[in-house]
Undergrad: 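First the structure, which I've put down as structure tokens, then a few questions once you've had a look.
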Amino acid sequence: MTRRRVEAVIGAIEGGHAVTYSSGQSAAMALIHCIKPRRIYLNAGYQGVQFAFKLYTERQNIEDEKVQLLTLEQCKEIYDSEKKELRIDTAQTGACLAIDSTLSSPLGLRPLEHGAHVVMHSSTKYLAGHSDVLGGVLIVHSSLSDMLPCTLLQERTTDGAVMGNFETWLLQRSMRTFSLRVRRQCQTALIIVQWLEKQRAAGYKVMKIHHPSLESHSSYSLAVRYLRLLPATFSFELQSESQAKSFARSLLLCAHATSLGGVETLVDWIYSYNTSISPTLLRVSIGVEEPEDIIQDFEQALKQAE
Ligand SMILES: *Cc1c(COP(=O)(O)O)cnc(C)c1O
């Protein structure tokens, strides 16, 4: 009952049929197992999902070169040339456009309105919003196929990737504050980005800020066109590895931790566990604290950053 309610709420918000899973990872894998693609085009995204898709292709004996990481433009070109044939229910032909929309949240973007077939969320992040519960959701476009949600539901039962009852209840409870939390988080993020931008302009330790509200961001024009609310997760770079490391460690109000989308502001020095990311970079997930309090904490941490 609770599960069906949560799925009805999330489905309504995204504009499709929602199916919940035990995690974002299992939602992504469920889609792959259901669609059984011959080729997967991945625009660089969440590393865990990338690894999972690679593993899938290895197990299915699909040659490795067919799993390609492409640019957004390349993805679009291939998608435009193949999308007309998409049939999932009977013949499994054509291209399926699936969007991991975790970071923008349904308040920022509703991909099904822009032609996506399936949307995926790690509900561990903004949907549940309290960094205390794992979960994932797939939302399928209503017009795509009546079969797909049914197949997903059947396979979820046989594969056992069901969201736990308590987690489902927590997610349902969280959805009641979803709009309040995320709107506030996105608004505060803009204030913090502006503050960081001021430090950068003054030549004070901040070298670069990666947020689509800034014209310097590579997705600025896409964001202007598509996003109704700019993301509350972004990153910025300091002058050196040691500055970034010491900034993260000097925070008093904000936590130095991985994950994102929760009510507490988290700052993550990603290089400590992923050396493909610049050592000067810090990822910030803005919470629901007072913007002035976050600024005060960032100010003192920046002072200590040497
Ligand atoms: C966290 C995350 C995932 C994986 O979700 P889990 O619930 O942790 O399994 C996938 N995509 C994005 C963008 C994420 O942030």
Side-chain angles (χ1 to χ4, degrees), residues 3 6-7 10 14 18-33 40-56 69 72 75 97-111 116 118-139 152 156 159-164 166-168 170-171 174-175 178 181-182 185-186 189 210-212 219 222-223 226-227 229-235 255 257-268 270 273-274 276-277 281-287:
R3 178 163 300 115
V6 170
E7 290 173 347
I10 297 174
E14 283 287 9
V19 182
T20 51
Y21 291 90
S22 52
S23 66
Q25 282 287 123
S26 60
M29 286 315 279
L31 180 65
I32 286 295
H33 283 293
I40 304 173
Y41 296 98
L42 268 176
N43 184 243
Y46 185 73
Q47 208 180 30
V49 173
Q50 284 182 27
F51 288 158
F53 285 10
K54 282 228 160 195
L55 194 65
Y56 167 83
L69 275 173
L72 206 58
C75 282
L97 176 63
I99 303 287
D100 182 344
S101 201
T102 302
L103 282 166
S104 53
S105 98
L107 275 179
L109 182 73
R110 301 202 332 156
V118 184
V119 176
M120 172 253 176
H121 282 284
S122 163
S123 61
T124 311
K125 315 294 167 53
Y126 287 102
L127 299 183
H130 293 71
S131 311
D132 57 1
V133 51
L134 270 178
V137 197
L138 291 179
I139 306 102
L152 288 172
R156 183 183 65 181
D159 293 349
V162 183
M163 186 183 281
F166 184 51
E167 284 79 359
T168 311
L170 282 172
L171 177 58
S174 293
M175 289 313 294
F178 168 70
R181 283 184 281 110
V182 178
Q185 286 168 281
C186 293
H210 305 274
H211 188 267
S219 298
L222 276 176
Y226 290 109
L227 295 186
L229 210 54
L230 295 169
T233 298
F234 60 91
S235 60
T258 308
S259 198
L260 56 97
V263 288
E264 306 94 353
T265 297
L266 303 181
V267 175
D268 191 13
I270 299 177
Y273 58 90
N274 180 353
S276 71
I277 300 292
L281 184 136
L282 293 156
R283 185 179 68 196
V284 184
S285 166
I286 294 293

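Order of appearance sets the numbers: ligands from 1, and atoms from 1 within every ligand. The basis for the numbers below is simple: all heavy atoms, side chains too, and nothing from hydrogens, waters or symmetry mates.
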Undergrad: Among Asp159, Val162, Leu152, which one satisfies side-chain contact (heavy atoms from CB on, under 4.5 Å) with Tyr21?
TA: Leu152
Undergrad: Would you please indicate yes or no on a ring centroid separation below 6.0 angstrom for Tyr126 and His121?
TA: no
Undergrad: What residues, two or more places apart in sequence or in another chain, satisfy salt bridge (charged side-chain N to carboxylate O under 4.0 Å, His left out) together with Glu7?
TA: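 Counting only residues at least two positions away or on another chain, Glu7 forms a salt bridge (charged side-chain N to carboxylate O under 4.0 Å, His left out) with Arg156.
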Undergrad: Would you say that Ile10 contacts Leu171 through its side chain, given a criterion of any heavy-atom pair below 4.5 Å between the two side chains?
TA: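 Sidechains of Leu171 and Ile10: in contact.
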Undergrad: Indicate yes or no for a side-chain donor-acceptor contact from Ser285 to the backbone of Gly261 under 3.5 Å, with no hydrogens or angles considered.
TA: yes
Undergrad: N or O contacts of ligand 1 with protein under 3.5 Å, please list pair by pair.
TA:
residue: ligand 1; atom: 5 (O); partner: Ser122; partner atom: OG; Å: 3.0
residue: ligand 1; atom: 7 (O); partner: Gly24; partner atom: N; Å: 2.8
residue: ligand 1; atom: 7 (O); partner: Ser122; partner atom: OG; Å: 2.8
residue: ligand 1; atom: 7 (O); partner: Thr124; partner atom: OG1; Å: 2.7
residue: ligand 1; atom: 9 (O); partner: Gly24; partner atom: N; Å: 3.1
residue: ligand 1; atom: 9 (O); partner: Gln25; partner atom: N; Å: 2.9
residue: ligand 1; atom: 11 (N); partner: Asp100; partner atom: OD2; Å: 2.6
residue: ligand 1; atom: 15 (O); partner: Lys125; partner atom: NZ; Å: 2.7

Undergrad: Less than 6.0 angstrom from the centroid, inside 45 degrees of the normal: does Lys125 satisfy that with respect to the ring of Tyr46?
TA: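 Ring-cation test returns yes.
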